[in-house]
Structure formats: structure tokens, C-alpha cells
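Down below is the structure, laid out as C-alpha cells.
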Amino acid sequence: MGARGPQPKPNVLKLVTGNPGKRPLNLADGVNPEVAVPDIPKHLTAEARKEWKRISVELEALGLISRIDRAALSLYCQAWGHLVILEQSLNARMAAVAESCAAQGMAPDMASAFYFVTAKGYQAQTVTVQMINTLRQQVHTYLKAFGMDPSSRSRVTPSNGGQLGLPGIDAAPGWGQFSQS
């Protein structure tokens, strides 16, 4: 289930614009990990590695990636890599259908690249098309998580690599710090 409604305002922004709820604000809330590109996992396919190299540069420039995002980014890139492979397979099947129809002097029937007729005479989607649809949904989910689609872009906040603060306001003692004892 996705997030509903508008994303909550950060506490620092509430402090600047006014705190209508009058509740105490924790200015050290949120996690702001260091902006850094994690290492590429060895198990990624060639297409997934290409996507990792392409998108990690963009995410780093926007401050939307850290080392803790390795698993999420690898899931996205691997789903993308598999999607590319399946799309190429479907394109090859469509080319074969077109070639076969042309050899028989018929107009190309591209629907046969996407569907097959069952033993009872019904049309059903090929497994490739089903897998493409599933991977498209997965890729879109990962895109939203990293703010890489237009509607989710406004819901992500880049990391500043540290805790937020305002000039003239000191953080409460102990907030966002670990004791050395």
C-alpha cells in the first residue's frame, strides 16, 4: 500500500513557517546519511550494471543516494536489466512473426507475438508478456522509491549528509549524538 496524502512537513520547515500544532519540535529528526554511491554488487547482469553506472551518477548529484541504498538500488537495477532482456526477446519474436508473415505473403499479425491460442481456443498472453508487465510494475515501484518518476519527485528529500539545523538555534543536548561511554 502506498503513502496516502501529502508528505508531512519536516520539523525545521514547521519552525520557519509556524508550528500550527504547537507540539514540541525535534529539529534533529530524520536520517541524513552521507551522500555516496555504494559498490556495485557482483551478481548484477550486464544490463543492470549499465543502469547502475548511469543512474548512480544522477542520484549522487541530486543527493538521493547513500551506501545504505545498495540493496534497493540493486533490486531496481536487476529488475531493469531483466526487463531489457525480456523486451529484446519480445522484439526478436515480433521481427520473426513479421518475417514469417512476409514470407507467406500475408500482412503481419503482431498480436501473435503477444498472445497464443490455448487448446480450448482461447487467446492467452505469452509468459514473456506477463513477465514484462510484472517487471514494469516492479521497476516503477523502485523508481518511486528513489524519486525517479515525476509524481514521486516531490516526496523525496535529498540528504544533506548531516543533521539539519538553523542559524542561532542549537540542537538539544544528546539529540542525534551517541555517547562514548
Side-chain angles (χ1 to χ4, degrees), residues 1-8 30-161:
M1 189 81 89
R4 295 179 186 252
Q7 187 176 18
V31 176
N32 291 294
E34 176 187 356
V35 175
V37 176
D39 297 331
I40 299 178
K42 292 181 168 92
H43 71 277
L44 295 183
T45 64
E47 283 296 330
R49 287 176 167 274
K50 279 197 260 185
E51 180 63 6
W52 181 288
K53 290 174 184 173
R54 183 191 75 79
I55 201 63
S56 63
V57 171
E58 299 293 330
L59 291 172
E60 183 179 32
L62 295 170
L64 296 176
I65 191 168
S66 69
R67 285 185 191 88
I68 62 174
D69 297 325
R70 184 175 190 239
L73 189 60
S74 68
L75 288 171
Y76 159 70
C77 290
Q78 195 73 318
W80 173 261
H82 290 154
L83 179 60
V84 169
I85 292 167
L86 286 170
E87 292 276 4
Q88 290 170 342
S89 171
L90 183 61
N91 289 342
R93 182 177 166 98
M94 288 170 56
V97 166
E99 187 177 310
S100 172
C101 289
Q104 296 175 7
M106 299 174 11
D109 178 21
M110 288 299 130
S112 62
F114 297 94
Y115 297 96
F116 67 95
V117 178
T118 66
K120 294 195 175 191
Y122 297 105
Q123 277 192 343
Q125 281 186 337
T126 64
V127 173
T128 303
V129 171
Q130 292 173 13
M131 291 172 64
I132 286 173
N133 289 335
T134 300
L135 284 169
R136 283 178 178 171
Q137 290 173 345
Q138 287 178 6
V139 166
H140 188 252
T141 299
Y142 297 128
L143 289 174
K144 289 191 305 188
F146 282 101
M148 293 189 288
D149 82 325
S151 65
S152 67
R153 205 165 288 137
S154 64
R155 291 186 176 261
V156 295
T157 305
S159 177
N160 63 5

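Please read these numbers as outputs of a predicted model, since none were measured by experiment. For the single chain, residues carry numbers from 1 onward in sequence order.
Rounding to the nearest 0.5 Å gives a distance of 13.5 Å between CG of Leu73 and CH2 of Trp80. Atom CD in Gln78 sits 9.5 Å away from atom CZ in Arg49 (nearest 0.5 Å). The structure places CG of Leu86 at 10.0 Å from CZ of Arg136, a figure rounded to the nearest 0.5 Å. Between the CG atom in Asn133 and the OG1 atom in Thr128 there is a gap of 11.0 Å [rounded to 0.5 Å]. Remark: Thr134 OG1 to His82 NE2 distance equals 13.5 Å, nearest 0.5 Å. Atom CD1 of Ile55 sits about 8.0 Å away from atom CG of Leu143, to the nearest 0.5 Å.
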Please list every donor-acceptor pair under 3.5 Å in which a side-chain atom of residues 90-103 meets a protein atom from a residue at least two apart or in another chain.
from  : atom 1 : to     : atom 2 : distance (Å)
Asn91 : ND2    : Glu87  : O      : 3.4
Arg93 : NE     : Ala113 : O      : 3.0
Arg93 : NH2    : Ser112 : O      : 3.1

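Leu59 pairs with exactly one of Asp69, Val37, Ile65 by the side chain to side chain contact (heavy atoms under 4.5 Å, CB included) rule, that one being Ile65.
Considering only heavy atoms from C-beta on, Lys53 stays 4.5 Å or farther from Val57 through its side chain. Taking 4.5 Å as the limit, some side-chain heavy atom of Val139 sits within range of a side-chain heavy atom of Tyr76. Looking at Trp52 and Ser74, their side chains come closer than 4.5 Å, going by heavy atoms from C-beta outward.
For the salt bridge (charged side-chain N to carboxylate O under 4.0 Å, His left out) test, no residue two or more places apart in sequence or in another chain qualifies with Arg70.
Applying the salt bridge (charged side-chain N to carboxylate O under 4.0 Å, His left out) test to pairs two or more places apart or on separate chains, none has a residue in residues 138-150.
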**Request:** Assess whether side chain to side chain contact (heavy atoms under 4.5 Å, CB included) is satisfied between Phe114 and Thr126, documenting all intermediate values.
**Result:** CA-CA 6 Å; Phe114 297 94; Thr126 64; 5.6 Å; no

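Pairing each heavy atom of Leu44 with each of Ala48, the nearest pair is CB-CB, 3.9 Å. Considering all non-hydrogen atoms of both residues, Ala124 and Thr118 come closest at CB-CG2, 4.0 Å.
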